[in-house]
Amino acid sequence: MRQKLYDYLADRPGGATSAELLHEIFVSGATAPFPSPRDPELGTRLIHTALGADQNCSYDAKTDRWTLTPHADLNRPLHDTQFVVLDLETTGLKPGKSAITEVAAIRVSHGNLGEEFHALLNPGQHVPAGITRLTGITDDMLRDQPRVETVFPQFQQFLGRAVIVAHNASFDLGFLNFEVQRLASPPLRNSSVCTLKLARRLLSGIRSRSLDSVAAHLGVSYPTQHRASADARVTAEIFCIFLEQLAQQEVTTLGQLLDFQDRARDGRRFECFVSRPTLANIPASPGVYRMLDAEGKLLYIGKAKNLHRRVSSYFTNSSGHSDKVLDLVRHVRDVRYEQTGSELEASLREADLIRELKPPYNRLSKHLPRVAFLKLTVRNAYPRLSVTAKPGSDHAMYVGPFRNRDFAEQAQRLLARLFGLRTCQGNLSPTPEASPCVSGQIGACTAPCAARISRETYREQVQRFRAALNGEAPLFRDALIAKRDRFASDLQYESAARLQQDIDLLDHILHLHQRFHWIVTRANALLLLPSRQARAAQAYLVLNGRLIENRTVSSLSDLEYLATLAHKRFDQDRDVPLRPHEIDASVILSAWLRNPDQAQSAVFPITAPSTLHNQRDELEAALGDLQRVVFE
């Protein structure tokens, strides 16, 4: 009966009268009056018997209204609120399967640390070696300590009606609530504050919000070993700092604090409808995940190098979530996943699924790696140098992949200025009456739009650009060096320094182009990566920048098949632009080849039709190494 009353009051912050509670218990859904006319006070006595001595409930005799104590305290100013900061050490992560070994708590009032509680407990089970290394707690230390049934009433008395504070409070409360149920003790109805949640809201500049990371960020000293007393004290100091920051954001009452920690960046309550066991059981391996709504409809597809870390990140109240991600999370009810042997396989699988299934929350091209390319059009009378996220299905010249768009734009500005190329959009109809853009006015572009240069001369500029990138025009760089030296000899040091920056950037661009040009234009290679299939590897045959074959291989005959296929199709489609359905895979492969995972992969560049036939021993050895890769 008491639990039913708690549940009823938990949904009613404004409280309920004795008559309401009696109706809920005895005649819910009926119309008969209660209490009996023969004893009008019977109902009131029953409710007082059930709740009157319970510290988690408050009663206002003037209004005959019962309220859960946390609800009654919502309007209490934070500086008048009693907090108890606690930390537990345990033998593992799951209540019931693991047990509490140490409990520590510190009372915080008016921003000051006060009375402390500490106890070691005999968990009735072995302390794993990993826990001992982390905490220093051993079986010998706990053998003569009291059991939890002895310590727990003492802890509850210390806790009283104070607000519980903990770092990752759901972990500590999970163990405490398990013991409450096991010992048939009065349930913990205290409000709880999680400093991990507060850190996600208040500290947007750090990647990790672990207790030691938050302490380091805030300048709070942290011990080398995890013990409950030390961790509770660190958490208490962090919480006091957070209280000062919250006051600056006009969070001054307990109700505002509880609302703040559960509020998302967009001002609405952060809600997660995917069960914690579902998230906890997702493996920490590469793979593809799907998010589904309440009706099982597909909402979103993603890939991850670590499925557990990536999927879990959606369901934490992070200040970095966009409005779209928050909206997605509020609609997700289930997560499905499939494991892959590598991140590359996951990326390719994700692209195929998005193209096939078109989930509503997947934006066009957002799943592709964040590399960038320079593109020089060839069909236009006055070719334009632009930045693009991926190669297109055309005959344009592509330079890259650059590590990000910012660097590609720097390269674009420099190359356009050095070779007089235009970067403006659209086809040109040159006329002397046209007014050049800023680039044309300052001489960074030769302004073909205003007919200041002939088509033939502009074409010569394009040819010099191509030659310089291909290393066929070393005199161009020599001319820049000579110009720099003249500036320096004329004491124009600032001009010389700027020109030296241009030379350094040009050298970097030329180095990248020479290193990665084969990926964009003539990417011919066989890639071997781990496979989830036992005693096998995943093979990717790439010819002329396009993915020709993606298959699992486990024997020499599989490798010979790929070698024969490479020989047959080596020159096929050499001069054919990428087709629309081939572009995603080409970008993903380009990005991977730019920084391959050398630890668990083998890359065999193909320079001639017979290359793979001549590398049979090397291919077989690489396959053997990958067949020995073991997944957890």
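All figures in this text were calculated on a predicted structure; none of them were measured in a lab. In this chain, numbering begins with 1 at the start of the sequence shown. Note: hydrogens, waters and symmetry copies are ignored here, and every other heavy atom, side chains too, is used.
- The aromatic ring centres of H331 and F273 sit 6.0 Å or more apart.
- In this structure S213 satisfies the side chain to side chain contact (heavy atoms under 4.5 Å, CB included) test together with S208, S210, sequence neighbours excluded.
- Residues that satisfy the salt bridge (Lys or Arg N to Asp or Glu O under 4.0 Å) test with D625, not counting sequence neighbours, are R628.
- Considering only residues two or more places apart in sequence or on other chains, R227 meets the salt bridge (Lys or Arg N to Asp or Glu O under 4.0 Å) condition with E102.
- Using a 4.0 Å cut-off between a side-chain N of Lys or Arg and a carboxylate O of Asp or Glu, K483 and D485 do not qualify as a salt bridge.
- Counting only heavy atoms from C-beta outward, the side chains of Q572 and L543 never approach each other to under 4.5 Å.
- Taking the side chain to side chain contact (heavy atoms under 4.5 Å, CB included) definition, one finds that L93 meets it with F171, sequence neighbours left out.
- For the salt bridge (Lys or Arg N to Asp or Glu O under 4.0 Å) test, residues two or more places apart in sequence or in another chain that qualify with E560 are R616.
- For A622, the side chain to side chain contact (heavy atoms under 4.5 Å, CB included) partners two or more places apart in sequence, or in a different chain, are L528, A602, F604.
- Enclosure of atom CZ in R459 by more than 12 non-hydrogen atoms of other residues, nucleotides or ligands within 6.0 angstrom is indicated.
- For the residue pair L307 and V288, the shortest heavy atom distance occurs at CD2-N, 3.9 Å.
- For the side chain to side chain contact (heavy atoms under 4.5 Å, CB included) test, residues two or more places apart in sequence or in another chain that qualify with D406 are N404, E409.
- The two atoms that bring R405 and A372 nearest to each other are CA-CB, 3.8 Å, heavy atoms only.
- In terms of heavy-atom proximity, V325 sits nearest to H321 at CG1-ND1, 3.6 Å.
- Scanning for salt bridge (Lys or Arg N to Asp or Glu O under 4.0 Å) contacts around R349 gives E338, with sequence neighbours left out.
- Looking at heavy atoms from C-beta onward, V542 lies out of side-chain contact with N524 at the 4.5 angstrom threshold.
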Show which side-chain atoms of residues 410-421 pair as donor or acceptor with protein atoms under 3.5 Å away, not counting sequence neighbours.
from : atom 1 : to   : atom 2 : distance (Å)
Q412 : NE2    : L385 : O      : 3.0
R417 : NH1    : D502 : OD2    : 3.2
R417 : NH2    : D502 : OD1    : 3.1
R417 : NH2    : D502 : OD2    : 3.2

- [ ] Run the numbers on D231 and H167 for side chain to side chain donor-acceptor pair (under 3.5 Å), then give the verdict.
- [x] CA-CA 9 Å; D231 285 359; H167 199 77; over 6 Å; no
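- Residues that satisfy the side-chain hydrogen bond (donor to acceptor under 3.5 Å, both in side chains) test with S275, not counting sequence neighbours, are T278.
- Among residues two or more places apart in sequence or in another chain, the side-chain hydrogen bond (donor to acceptor under 3.5 Å, both in side chains) test is passed with E89 by none.
- A salt bridge links R355 with D352; the closest basic N to acidic carboxylate O contact falls under 4.0 Å.
- Residues F402 and A408 share a closest heavy-atom pair of CD1-CB, 3.9 Å.
- Residue pairs satisfying the side chain to side chain donor-acceptor pair (under 3.5 Å) criterion with at least one member in residues 286-297, sequence neighbours excluded, are listed as follows: Y289-Y314, E295-K297.
- Closest heavy-atom contact between T552 and D558: O-OD2, 4.4 Å.
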